[in-house]
Visitor: 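Next up is a structure, given as structure tokens.
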Protein chains: 2
Amino acid sequence: MNTHAEPNPEHQHTSAHDHSTCISDALTTAEHLCAERGVQLTPIRHKVLELIWASHQAVKAYELLDRIKPLQSAAKPATVYRALDFLIEQGLIHRVESLNAFVGCRCSGHQHEQLLLICKHCHEVEERTATEVMQALSDEFKQAGFIVHSKAIEVHGICAKCAESSADNAELLA
Amino acid sequence: MNTHAEPNPEHQHTSAHDHSTCISDALTTAEHLCAERGVQLTPIRHKVLELIWASHQAVKAYELLDRIKPLQSAAKPATVYRALDFLIEQGLIHRVESLNAFVGCRCSGHQHEQLLLICKHCHEVEERTATEVMQALSDEFKQAGFIVHSKAIEVHGICAKCAESSADNAELLA
DNA sequence: AAGTGTTATGTTATACTGTAACGACAATTT
DNA sequence: AAATTGTCGTTACAGTATAACATAACACTT
């Protein structure tokens, strides 16, 4: 199958907030951050970031490729993966390991490696700082004598909104 | 490249313990568990489990395929992936999402979803129960109203043994 | 202006990871 | 016996990611 053309709107909760603000906030933050750091948020990188922020769902690399081709007809896998590498390096997006997909990072610039809550129903990814969890993890590493380079904490399940909107839909609660 | 034929011995710590006991323990536990549950640990599944337990490193699916072919010349990708699916369902192995690889699970039968500490140097994967971390996570889910189906907590870095054995090797501590 | 270094991108090819779909076959159930 | 279930063989393909090399664009120097 190769039918990924749009963010899957099936169960999205975007109506609950002004998503255009999410996008523009993320983009202007990214622009400032890159300017400060003296790195280039080139048109391709900017576009990829914008496409990722089109929803709060994690987006696959080849979906991005399909969506960027109309605008950048030379685009190839490497085009997208390079942009993704850059955005990850700069902390502007997260790679969701358990989905082979990518999602915008709200808290760019500082604080990384967060808890990602991934909803199986609406497919949106919520990012949480989870201070206590991180503290408990640090303690664990100290105990184990483990020197951390990077973490991925990914949890799959049903988000609050989906659970609520289908409180009588037993199927979800399995 | 397609040169994965053996567990990478480069930096393994297997000498520090009697690994043959690890293997046989894991296999007999698995046999008992499957018998109890009335599911079949067929020869293929048994072999895949054994191959995974050949080291404490995470093993890739196609490495397993290469290693199983001499014994099971009909083996195809599906052969391996089916066995892996079974072993995961039974809680006998973990899938390491951030590596697209698989590692034996020590604590089969009960308690799942653990903290995996993945060493970038020796590539061994240590599994920890991390009770405090799990408790903090539960609290976080409660706060977020998130209903958990599965978790993956994977941390990359340098394990205690590697850190120690190269205390003067500054390169690792980056 | 010509040369050099650096960064980003274009381009081709290929490697690696994973699944769908269908049939064969055996064991079990009805 | 027929139907069902579980496992495996087999073919084909979908999806994910990178290597390697070429080119372009720009900044800087000489």
Side-chain angles (χ1 to χ4, degrees), chain A residues 1-5 8 30 34-35 37-49 51-52 58-90 92-103 152, chain B residues 1-5 8 30 34-35 37-49 51-52 58-90 92-103 152:
Chain A
M1 230 186 339
N2 195 10
T3 48
H4 33 240
N8 179 347
C34 289
R37 293 174 184 169
V39 296
Q40 299 180 53
L41 189 60
T42 63
I44 289 177
R45 291 164 177 179
H46 192 277
K47 189 65 200 173
V48 169
L49 183 58
L51 287 173
I52 288 177
V59 190
K60 308 222 142 211
Y62 278 68
E63 284 180 47
L64 291 169
L65 182 53
D66 288 347
R67 290 188 207 150
I68 215 175
K69 261 181 187 158
L71 310 157
Q72 186 86 17
S73 55
K76 298 278 184 322
T79 317
V80 169
Y81 280 104
R82 284 165 181 162
L84 290 170
D85 287 346
F86 171 85
L87 294 170
I88 290 169
E89 262 174 36
Q90 298 302 320
L92 298 169
I93 62 173
H94 289 293
R95 182 187 160 87
V96 186
E97 302 287 355
S98 52
L99 296 177
N100 294 331
F102 305 84
V103 72
Chain B
M1 235 188 332
N2 196 11
T3 47
H4 33 241
N8 179 348
C34 289
R37 293 175 183 168
V39 295
Q40 301 179 49
L41 188 61
T42 63
I44 290 177
R45 293 165 176 177
H46 192 277
K47 189 64 200 172
V48 169
L49 183 58
L51 287 172
I52 288 177
V59 190
K60 307 224 142 211
Y62 277 67
E63 281 180 50
L64 291 169
L65 182 54
D66 288 346
R67 290 188 208 151
I68 215 175
K69 261 181 185 157
L71 311 157
Q72 186 85 16
S73 55
K76 298 279 183 320
T79 317
V80 170
Y81 281 104
R82 283 165 180 161
L84 290 170
D85 288 345
F86 171 87
L87 295 170
I88 289 170
E89 262 172 35
Q90 299 301 321
L92 298 169
I93 61 172
H94 289 292
R95 181 187 160 88
V96 185
E97 301 287 355
S98 52
L99 296 175
N100 294 331
F102 305 85
V103 73

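These numbers come from the heavy atoms of this one structure, side chains and all, not from hydrogens, waters or symmetry mates. Everything quoted here is computed from the prediction, not taken from an experiment. Naming convention: chains lettered A, B, ... in sequence-line order (proteins, then strands); numbering from 1 in each chain.
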Visitor: Show each protein N/O and nucleotides 3-7 of chain D N/O combination with a separation under 3.5 Å, one pair to a line.
Guide:
from, atom 1, to, atom 2, distance (Å)
dT7(D), OP1, Arg45(B), NH1, 3.2
dT7(D), O5', Arg45(B), NH2, 3.4

Visitor: Measure from CG on Leu65(B) to C1' on dG9(D) and round the result to the nearest Å.
Guide: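 It works out to 13 Å between those atoms.
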Visitor: Side chains of Val103(B) and Arg95(B): closer than 4.5 Å at any heavy-atom pair?
Guide: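 Counting from C-beta outward, Val103(B) and Arg95(B) never come under 4.5 Å.
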Visitor: With a cut-off of less than 4.0 Å, is there a side-chain N or O of Gln72(B) near OP1 or OP2 of dG9(D)?
Guide: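 So the side-chain polar atoms of Gln72(B) do come within 4.0 Å of the phosphate oxygens OP1 or OP2 of dG9(D), strictly under.
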Visitor: Measure across Gln40(A) and Arg45(A) and return the closest heavy-atom pair with its distance rounded to 0.1 Å.
Guide: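 Heavy-atom minimum between the residues: O-NH1, 2.7 Å.
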Visitor: For Ala75(A) versus Lys69(A), what's the shortest heavy-atom pair and its separation?
Guide: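 Smallest heavy-atom distance, with atoms named: O-CE, 3.7 Å.
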Visitor: From CG of Leu99(B) over to P of dT16(D), roughly how many Å is that when rounded to an integer?
Guide: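 Those two atoms, CG and P, are 18 Å apart.
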Visitor: Using a 4.5 Å cut-off on heavy atoms from C-beta on, say whether the side chain of Arg67(B) contacts that of Val59(B).
Guide: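 Of all side-chain heavy-atom pairs linking Arg67(B) with Val59(B), at least one is under 4.5 Å.
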Visitor: Might you point out which heavy atoms bring Ala58(B) and Leu99(B) nearest each other, and give the distance in Å?
Guide: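 Minimum heavy-atom separation between Ala58(B) and Leu99(B): CB-CD1, 4.0 Å.
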Visitor: Whole angstrom is fine here: how far is it from CG in Leu71(B) over to P in dG9(D)?
Guide: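 To the nearest whole Å, that distance equals 13 Å.
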Visitor: Is there a side-chain contact between Thr79(B) and Val48(B) (heavy atoms, below 4.5 Å)?
Guide: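 Counting from C-beta outward, Thr79(B) and Val48(B) never come under 4.5 Å.
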Visitor: Are Leu92(B) and Ile52(B) packed together at the side-chain level, in the sense that at least one heavy-atom pair is separated by less than 4.5 angstrom?
Guide: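 Leu92(B) vs Ile52(B): side chains apart.
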Visitor: Whole angstrom is fine here: how far is it from NZ in Lys60(A) over to C1' in dT16(D)?
Guide: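 Atom NZ in Lys60(A) sits about 8 Å away from atom C1' in dT16(D).
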Visitor: So if I define the base as every atom that isn't primed, P, OP1 or OP2, how would nucleotides 18-30 of chain C read as a B/S/- string at a heavy-atom cutoff under 4.0 Å?
Guide: BB-B---------
Visitor: Would you kindly give the CD-to-P distance between Glu63(B) and dA15(C), to the nearest whole Å?
Guide: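 So the two atoms are 17 Å apart, to the nearest Å.
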Visitor: With side chains defined as the heavy atoms from C-beta onward, is the minimum distance between Phe102(A) and Leu87(A) less than 4.5 Å?
Guide: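 They are not in side-chain contact.
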